[in-house]
Amino acid sequence: MIWGPDIFILAILVVLAIAAVISRDLLVATVIFSGYSLLMAVAYVQLNSPDVGFTEAAVGAGVTTVLFILTIARTARMEEDGS
Amino acid sequence: MSESLFGEDVIVRTIARLVAPFIQLFGLYVLMHGHVSPGGGFQAGVIIASSFILLALALGLPESKERFKKTIRLPMESSGPLIFALIGVTCILAGGYYLQYGIAFLFPPAVVSAILISAVEIGIGITVLAMIVTIFYAMAGD
Amino acid sequence: MEIYSIRPILAVVIPFICALLIAVTGEKNRDLREFWTLAASVLGCMVVISMFPHIYSGGKYIFTVAQIVPGVELGFRVDAFGMFFAFLSSFLWIVTSVYSIGYMRALKEHAQTRYYFCFAACIASAVGIALAGNLLTLFVFYEILTMSAFPLVMHEETSAALDAGKKYLAYTLSGGALVLFGMAMTYTLTGTLTFASHGFLAGHGSEQLLKMLFVIFILGFGVKAAIIPLHSWLPSAMVAPTPVSALLHAVAVVNAGIFGIVRVVTNVYGIELVADLGLLLPLAIVASITIIFGSIFALAQDNLKRMLAYSTVSQLSYIILGAALLSPSSLSGGVAHIAHQGFMKITLFFCAGAILVQTGKKNLSEMHGIGHRMPLTMIGFTIGALGMIGAPPICGFISKWYLGLGALEAGHPIFTAVLMASTLLNTAYFIPPIYNAFFKEPEGDLIESREASWWLLGPILLCALISLIFGMVPMIPYTPLQLARTFLGV
Amino acid sequence: MTWASHLPIIVVLIPLLTAYITPMLGWMDKRICNPLVIVSTSFAFIASLLLARSVLTRGVISYHMGGFAPPFGIALVVDYFGAYMCIVISFLTLMAAIYSREYIAKELHESKTAPYYTLLMLMTGGMMGASVTGDLFNMFVFFEILSISSYALVAITGKKVAILASYKYLLLGAIGTSFTLVGIAYLYILTGTLNMADLSVRLASLYGVGRSSWTLLVALAFFMVGYSIKAALFPLHTWLPDAHSMAPSSISAVLSGILIKVGALALIRVLFNIFQPEFVVETIPVTSMISWMAAVAIIVGSLFAISQVDLKRMLAYSSVAHIGFIILGVGLATGYGTTGGILHIFNHAMAKGCLFLCAGAIIYKTGLRNIDDLAGLGNKMPFTMAAFTIAALSMIGIPPTAGFISKFYLGLGALETGTWSGWVFIGAILLGSLLTAIFYMRVINNIYFKEPLHREDVQRDETPLGMLIPILILAGGCVIFGIFPRIPLSLAEPAAKLLLGI
Amino acid sequence: MVNFGFLLGHYNYWAVVVLFLIGLYAMIVKKNLIKKFMGLNIMDTSIFLFYISMGDVEGGVSPIIAHGGGSDVIYVNPLPSVLILTAIVVAISTTALALSLIIKIYEEYGTLDSDRLVELM
Amino acid sequence: MKIIPSIFILFIGVMLAAAVAGMPEFGDPNSPANTHIVPYYRENSLEETGVTEIVTSIVVSYRGYDTFGEVTVIFTAGTGVIALLGRK
């Protein structure tokens, strides 16, 4: 049995994912999501896939985040109340 | 987003201007070394695109667009798949299967193969670069 | 002897082509359009007649268009019975075309192009049904007939007409779905759908399954044949223009249902199999019920066309009864009745139409004394009505006689009693109008009315005359009775 | 190698190459786009016909992409079904392209002309690619090309409702994409291959073996869900009515006519090419499950269609019902049933394509969408409405239109199963076609038998010729292929036999 | 009864399942449209993680032949990486299109709440 | 109102868990995924394509057609965004 990505990384990933989902401030959520992607990239590299890690870092943490931010800039920053 | 995200901060503007070429250079490196180390056309395209995104964030959209005009982007967008497809068609014409790089065409197959693979990588890079920047500009608005 | 010939498809395609020409000509050139109508009817009839000698001498024509499923083509196979029906439809079409032109012009109806187009399509598909060589082809034309008769029912575009059209479609499409189901079932069992002289279902499937399948077929075709309780679309459909009611709802469409039933009984199941399965008696009982109740419903009608519609319901089941009793006499009587009923009923409807055109009256209670003003029309009516009752010397008597005889031959005298009862009921609803027409004085607007134009009168008198001839001299060659007997070999 | 052996890639390349050069040409002159697209789809159509001929004469064609033998490289595998789909796709796209010339000029802003044609060609290329591929992951990639271009095309008008419809479509489509990706992962982890033929061989040893059969089942379930979303199979059809009714009509015709059928193609590939028929039919009765679902789809889709007031929405719900017919035929997994299902792909494509194009013509001429407002159009646009009627009859399944043939085959297939459920299915088919009759007849009644609201509406005002021609061709096809069904059946029948292995 | 070896031997598959469900939850339950697509991205990355995990081999190195080792070097499975490179592009493409649609929706409707959008539709 | 989606998600979770249960162990070098096709790439990719990085060699040659599709996907997405938001 190998312990490729530390079980820690996986745990933090789950925590970050939950945080990104429940955060009501979309900008905060996006930043958390960016961190999540970066950590995911680290996990990929740990799993011996530097190519994917590289791409995920550039796309997930980079471009996707920028696109999310642009969207938030052009729409609303906060989630509306469910009522 | 016509204004820069950071206002008229001189330091940010200068650093962005300085850093952008290096990012682009790094992108080119990734592109060229795709066949020996992680990376390739797609990653290179994203990296170079991010330099323009950085410029747009630091200097404002108009200046960024000034450096990467629509008239240049438009042919670049199509070039990747077009190069891909045309190389494939060339392979067919040379008597192979679609995308069979190892064909004898002016040079020995191994050389042709290397050239064509590089061409494909460059094509991918160009398209990804142009497309991501275009998407970014379109979503950033005026 | 079977001849591979293009004639069957010509008989179908020529009217269709004419229908298209009618549609293309449109409202711009009415004379040309009506010329196409006449041309279609005459040409269609001529093609059918051209097949007559060969068929009469016991031969067959075949033609296949395209394969649909392995072993089943879209194809034609003309035999005597089909020929009989095709000839009846196409001949009556000529008469009705003439009548239609007079009728539509007199009433200045709207959307005449649609009317003539659909009419031609209807008859073409009726001929197609008659000449079809297998169940699938029959079904194809059966459904075309359904769809092309539909605009004719809705012709008036009043809310009553729209409702009648919806009702008509609901009934006939459901019937069509059942036929399709039965057809698929038959194909699954046997791998073929081609009509065979003695049926092809024998030896396939369990007895239960075959019985159920038979019921499905009867229900499916029974809708168009207006078997009670599937008949209720027919009286509603009487909102259609009179020529439509006359030719389609008294002859072509409803007989298509009858034709389908007879085909299923004789050429799909085969008479022996049907007899073995014990399905004939229930069928005869259903037919009897329809005969009696159709007449009873007719008694209650005041609207002339609705009354005639119920009369149609009742009379059609004579044919089914004839087929179900399965004795030589009953069969020949039944088959002959297809033509007899057609000629008589068309006369009656033509009269109703002529009255409508001249006086605008639809109800019997408003027609008192009309015999004084429109004597020729009412003479035609009287001949038709007496024929319906079964009074000699009109052709209705002949078919009823043979049916009664057949019931005795088959050993079911009870059905003779049914025929008698029906005769009484027929008398009860046909005699009062005739009495009122001739022996009461006209009142109101009727005083002013006159005989209809020869466009309308000619067909009436022709059909009445033919009914009379068939009844008076049934033994000369080529009368429906003789043809039926020849075809059936009795 | 002869040029003919390259046909599998050529049919994919023609539309894609057109798509790549369209933006540049469109930038120079917008008027070039349409002729270019028409010419290229015509070539694609011809190439598809040649491909079909070559498949019919030589059997299944396998094309080794890049010269690498499968399973190491990607292989294109064109069987009868794939060739058949190519013909349907290129034919209907050609019709839509001809129709677009005048329709798009009015419907879309000038600046969107080039993107419109680009996306149309990308969608066609995606569908072609998905039809001819023999590699599971490659199919996923081409599905994304066609999905993403169709999301964009639904919203391309920029109308308020269209955007939301597109969003809804995208959301469900993205879930479907992810699900198929999971399915691919599970199959890959079990077998280590992505080539369909190789998969089916290697999976055969895993059926019912220990725990890995669980993974297999879950993979199958994820594929079913993922591709059912793309195929809009009930109950995952919820995106369809909005998307198909809000898209430009030429696009609706392509979406309803063929795009959802490509989803059905993927389902068929997964069921019969990857998993063996004996597994999905007997070991676990997946096919009978999807047959039941399809039967429900037929009834529910038709019932929903009856309650619609918007013409295009009604047509869209009718598509839900008719994808049910197709999937039902496939799920029956009998010779006639599957043939009927495959045949219905073609027949429904023509009829529904024609109907949507007619609806587009109505909107183009009058701006009306509401069924009750259509009164009197029979006189105003006689040819369009005649075509509409013929296509509607084909949808109902009235002979001699093509719809009847597929209905008949489906009925035969249902009976061929020889079980009580077959009787239920044939009941569903017949009831479905009766319900179909209800809502199409309502439209036809309005067109022909109702007084128009405004007297001036009765003036003849026919659809422009450029839009009328594809409509009439499609309507004519409905009749011709009803009388001569052998033409499509010559491909559909061997396709079904090959899929079922009989 | 619980087989820990079995549970632990699959531990990052479990993480994948959890992340997948979080993403799916966000996509289905969250009302904000942007959040839904963040959920999609989480879901997609979890699938990517799954692919990468199944390609990894105990003691393997990344699949670059230039590592110089002889034939005894174990490389990890490169194929999942290849597939994921493509899948990442698909994900970013879908996201880009979705976000542009969201921008348009906000322009037209002035809200990004799916419940309110249903009301406004 | 959140119950139905939650049940659905839970159901998906159970399915995924069931699937995980049937998989080869994480990192197992003898799993089918690692033994079936991949050894071919390891052994032949360098001489067949001349690229030392196996991932790149697969991306551009063995699965070059996928990459072609991938480029087309991003081209599609770009065109779609332009169609929606206009070319800026």
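Chain letters run A, B, ... following the sequence lines, proteins first and then strands; every chain starts at 1.
- For a residue to count as touching a neighbouring chain, one of its non-hydrogen atoms must lie under 4.5 Å from one of that chain's; by this rule Tyr44(A) touches chain E with backbone and side chain alike.
- In this structure, chain E has heavy atoms under 4.5 Å from both the backbone and the side chain of Thr30(A).
- Residue Ile84(E) touches chain A through its side chain alone, counting heavy-atom pairs closer than 4.5 Å.
- Under the 4.5 Å side-chain criterion, counting only non-hydrogen atoms from C-beta, Thr71(A) is not in contact with Tyr106(E).
- Only the side chain of Thr95(E) comes within contact range of chain A, judged by heavy atoms closer than 4.5 Å.
- With a 4.5 Å cut-off on side-chain heavy atoms, Tyr51(E) and Val52(A) do not count as touching.
- Among the candidates Ser100(E), Ser81(E), Pro80(E), the residue making the largest number of heavy-atom pairs closer than 4.5 Å to chain A is Ser81(E).
- Residue Leu19(E) touches chain A through its side chain alone, counting heavy-atom pairs closer than 4.5 Å.
- Here the side chain of Lys35(E) pairs no donor or acceptor atom with the backbone of Leu26(A) at under 3.5 angstrom.
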Distance-only donor-acceptor hits, side chain of residues 54-66 of chain A, under 3.5 Å, sequence neighbours excluded:
{"residue": "Thr55(A)", "atom": "OG1", "partner": "Asp51(A)", "partner atom": "O", "Å": "2.7"}
{"residue": "Thr55(A)", "atom": "OG1", "partner": "Gln43(B)", "partner atom": "NE2", "Å": "2.8"}
{"residue": "Thr64(A)", "atom": "OG1", "partner": "Val59(A)", "partner atom": "O", "Å": "2.9"}
{"residue": "Thr65(A)", "atom": "OG1", "partner": "Gly60(A)", "partner atom": "O", "Å": "3.2"}
{"residue": "Thr65(A)", "atom": "OG1", "partner": "Ala61(A)", "partner atom": "O", "Å": "2.7"}

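- You'll find the side chain of Leu47(A) stays beyond 4.5 Å of the side chain of Val76(E), heavy atoms only.
- Heavy atoms closer than 4.5 Å to chain E are found in both the backbone and the side chain of Phe68(A).
- Take Tyr25(E) and apply the ring-ring contact (aromatic ring centres under 6.0 Å, His included) test, not counting sequence neighbours, and it matches no residue.
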